[in-house]
> 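Sharing a structure, written as structure tokens. Questions coming.
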Amino acid sequence: MKQILVMGHYDKTDFMMYLSKLLSMEHRVLLVDASRNKDYEFVFPKMDPTLNVHEHDQFVILEEVQSYSELMLHLEHNQYDFVLIDCDNETALKEWPEVDLVYMVTSYENPVIQRNIKLIHSYFQGDKLTANIPVTKVIHEATNHLDEQYINSLMDDLSLSWRESLVYYSDERDQTLKIINQYKNTVMVKRMSSSYKLVIKQAVEFILNTEMSKVNALWKRAERSN
């Protein structure tokens, strides 16, 4: 089982849904909502809103997880190939153990950046600082006077295993698709902007440790399933 921690004070529900969709084409996937404000409460239709475990499309969503021990209770009785954890809770991250991969989703909005830096520092403490966990920034780009060097300068005190950042410019197609998917029982991946599609494909490529040709084949299957 591979655990992927996706942190960030930024709405990444659509990003997580797309990752889960692609990975679940051939694997058993659990998406964990460990956000402070229950970000996934209304982003997909539910048969029974009183439950915190839901099967959606071809993957499972576990909501209202506030600590790693709560996740472990679920994992004791269920088997998954990939566990994708969406967390923006500093307290929970301090106690969260080592994972296989970390993604930090951000924009250049100053409140987002400053809060994300706190999340990074909350998680990377003690043994996790020397664990050589691959860390990737996923950046919602915009035309401004800032660049990635500014974000990096705020983390100079951390010696992390940074991978090449994934950068995209979203447009109206991505926002429209995000809203459409909030009302559907399946996660649609058609009509996405090319830059956002590439970021998702690159993330899946690394998570699966495979070639892009394989990811392209998964994407076509995902499109046919809509």
Side-chain angles (χ1 to χ4, degrees), residues 1-24 27-106 112 115-136 138 158 160 178 181-182 185 187 203-204 206-208:
M1 178 182 66
K2 181 177 286 189
Q3 295 191 26
I4 299 100
L5 176 61
V6 185
M7 63 175 69
H9 279 281
Y10 190 79
D11 186 357
K12 50 200 175 297
T13 54
D14 54 328
F15 178 70
M16 297 291 280
M17 290 288 198
Y18 297 139
L19 290 185
S20 299
K21 170 76 171 188
L22 268 291
L23 294 171
S24 67
H27 301 277
R28 184 155 172 78
V29 176
L30 174 68
L31 195 169
V32 180
D33 179 8
S35 63
R36 296 183 64 180
N37 296 320
K38 300 192 289 186
D39 291 347
Y40 292 78
E41 185 175 9
F42 303 112
V43 298
F44 64 98
K46 302 173 181 177
M47 294 294 292
D48 187 347
T50 65
L51 301 176
N52 70 333
V53 181
H54 308 271
E55 289 198 19
H56 182 64
D57 205 330
Q58 301 180 87
F59 53 94
V60 177
I61 299 175
L62 176 63
E63 296 184 282
E64 300 183 41
V65 174
Q66 298 302 317
S67 67
Y68 188 75
S69 60
E70 292 182 21
L71 172 58
M72 287 303 298
L73 288 175
H74 179 80
L75 295 179
E76 285 178 3
H77 306 287
N78 299 274
Q79 296 290 326
Y80 300 96
D81 301 308
F82 296 98
V83 178
L84 306 178
I85 305 134
D86 184 338
C87 189
D88 59 7
N89 187 326
E90 291 179 38
T91 302
L93 286 174
K94 289 178 182 178
E95 306 299 328
W96 214 279
E98 181 181 335
V99 295
D100 297 284
L101 305 173
V102 171
Y103 287 87
M104 184 183 79
V105 182
T106 188
V112 173
R115 289 168 181 153
N116 283 353
I117 298 306
K118 290 183 179 181
L119 292 179
I120 285 285
H121 280 85
S122 293
Y123 181 69
F124 283 100
Q125 301 182 43
D127 293 341
K128 286 175 288 188
L129 273 172
T130 57
N132 203 34
I133 303 171
V135 186
T136 306
V138 180
L158 297 177
L160 302 180
K178 176 180 179 179
N181 280 328
Q182 292 174 356
N185 291 319
V187 179
V204 172
F206 186 66
I207 291 171
L208 290 177

> Run the numbers on L23 and L84 for side-chain contact (heavy atoms from CB on, under 4.5 Å), then give the verdict.
CA-CA 10 Å; L23 294 171; L84 306 178; 4.1 Å; yes
> In a table with atom names and distances, give each donor-acceptor pair under 3.5 Å that connects a side chain of residues 71-80 to protein atoms at least two apart or in another chain.
{"from": "H74", "atom 1": "NE2", "to": "Y80", "atom 2": "OH", "distance (Å)": "2.7"}
{"from": "N78", "atom 1": "ND2", "to": "H74", "atom 2": "O", "distance (Å)": "2.8"}

> Could you work out, with side-chain contact (heavy atoms from CB on, under 4.5 Å) as the rule, every residue matching S67, not counting sequence neighbours?
S69, E70
> Any side-chain heavy atom of Y10 within less than 4.5 Å of one from V138?
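They are not in contact (no side-chain heavy atoms under 4.5 Å apart), so the answer is no.
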> If every non-hydrogen atom of N116 is compared with every non-hydrogen atom of G8, which pair is closest and at what distance?
OD1-CA, 3.1 Å
> L5 and C87: which non-hydrogen atoms are nearest, and at how many Å?
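Taking L5 first and C87 second, the nearest heavy atoms are CD1-CB, 4.0 Å.
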> Taking side-chain contact (heavy atoms from CB on, under 4.5 Å) as the test, write out the residues that go with D100, two or more places apart.
K2, Q3
> More than 12 heavy atoms of other residues, nucleotides or ligands under 6.0 Å from CZ of R115: is that the case?
no
> Apply side-chain contact (heavy atoms from CB on, under 4.5 Å) to E95 and list each qualifying residue two or more places apart in sequence or on a separate chain.
none
> Please list, chain by chain and in numerical order, all residues satisfying ring pair (Phe, Tyr, Trp, His ring centres under 6.0 Å) with H27, sequence neighbours excluded.
F82
> Quick one: list whatever passes ring pair (Phe, Tyr, Trp, His ring centres under 6.0 Å) with Y40, sequence neighbours left out.
none
> Would you check if L119 and M104 make a side-chain contact, meaning some heavy-atom pair closer than 4.5 Å?
no
> What closest approach, in Å, do S35 and D88 show between heavy atoms, and which atom pair accounts for it?
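Heavy atoms only, the tightest pair is CA-OD1, 3.2 Å.
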> Search all heavy atoms of I61 against all heavy atoms of M17 and return the closest pair with its distance.
CD1-CE, 3.7 Å
> With the side chain counted from C-beta on, respond yes when F206 and I4 share a heavy-atom pair under 4.5 Å apart, and no when they do not.
no
> Could you note down all residue pairs passing side chain to side chain donor-acceptor pair (under 3.5 Å) where residues 118-129 supplies at least one of them, sequence neighbours left out?
H121-D157
> If you compare all heavy atoms of S20 against all heavy atoms of L31, which two are closest, and at what distance to 0.1 Å?
OG-CD1, 3.4 Å
> Which residues pass the ring pair (Phe, Tyr, Trp, His ring centres under 6.0 Å) test with H56, not counting sequence neighbours?
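Applying ring pair (Phe, Tyr, Trp, His ring centres under 6.0 Å) to H56 gives F44, F59.
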> In chain order, what residues pass the side-chain contact (heavy atoms from CB on, under 4.5 Å) check against D11, with sequence neighbours excluded?
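Scan of D11 (side-chain contact (heavy atoms from CB on, under 4.5 Å), adjacent residues dropped) gives T13, K178.
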> V99 and V102: which non-hydrogen atoms are nearest, and at how many Å?
CG2-CG2, 3.7 Å
> So do the side chains of L160 and I120 get within less than 4.5 Å of each other, counting heavy atoms only?
yes
> Does V6 form a side-chain contact (heavy atoms from CB on, under 4.5 Å) with Y103? I'd like the steps, not just the answer.
CA-CA 5 Å; V6 185; Y103 287 87; 4.2 Å; yes
> Strictly by salt bridge (Lys or Arg N to Asp or Glu O under 4.0 Å), give each pair with a member in residues 47-62 just once, sequence neighbours left out.
K21-D57
> Checking D86 side chain against D33 main chain: does a donor-acceptor pair fall under 3.5 Å?
no
> With sequence neighbours left out, what residues match Q182 under side chain to side chain donor-acceptor pair (under 3.5 Å)?
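Result, side chain to side chain donor-acceptor pair (under 3.5 Å) vs Q182: none returned.
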> Check salt bridge (Lys or Arg N to Asp or Glu O under 4.0 Å) between K46 and all other residues, then give those that pass, not counting sequence neighbours.
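Expected list: E63.
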> Using a 3.5 Å distance criterion without hydrogens, assess whether the side chain of N89 forms a donor-acceptor pair with backbone atoms of T91.
yes
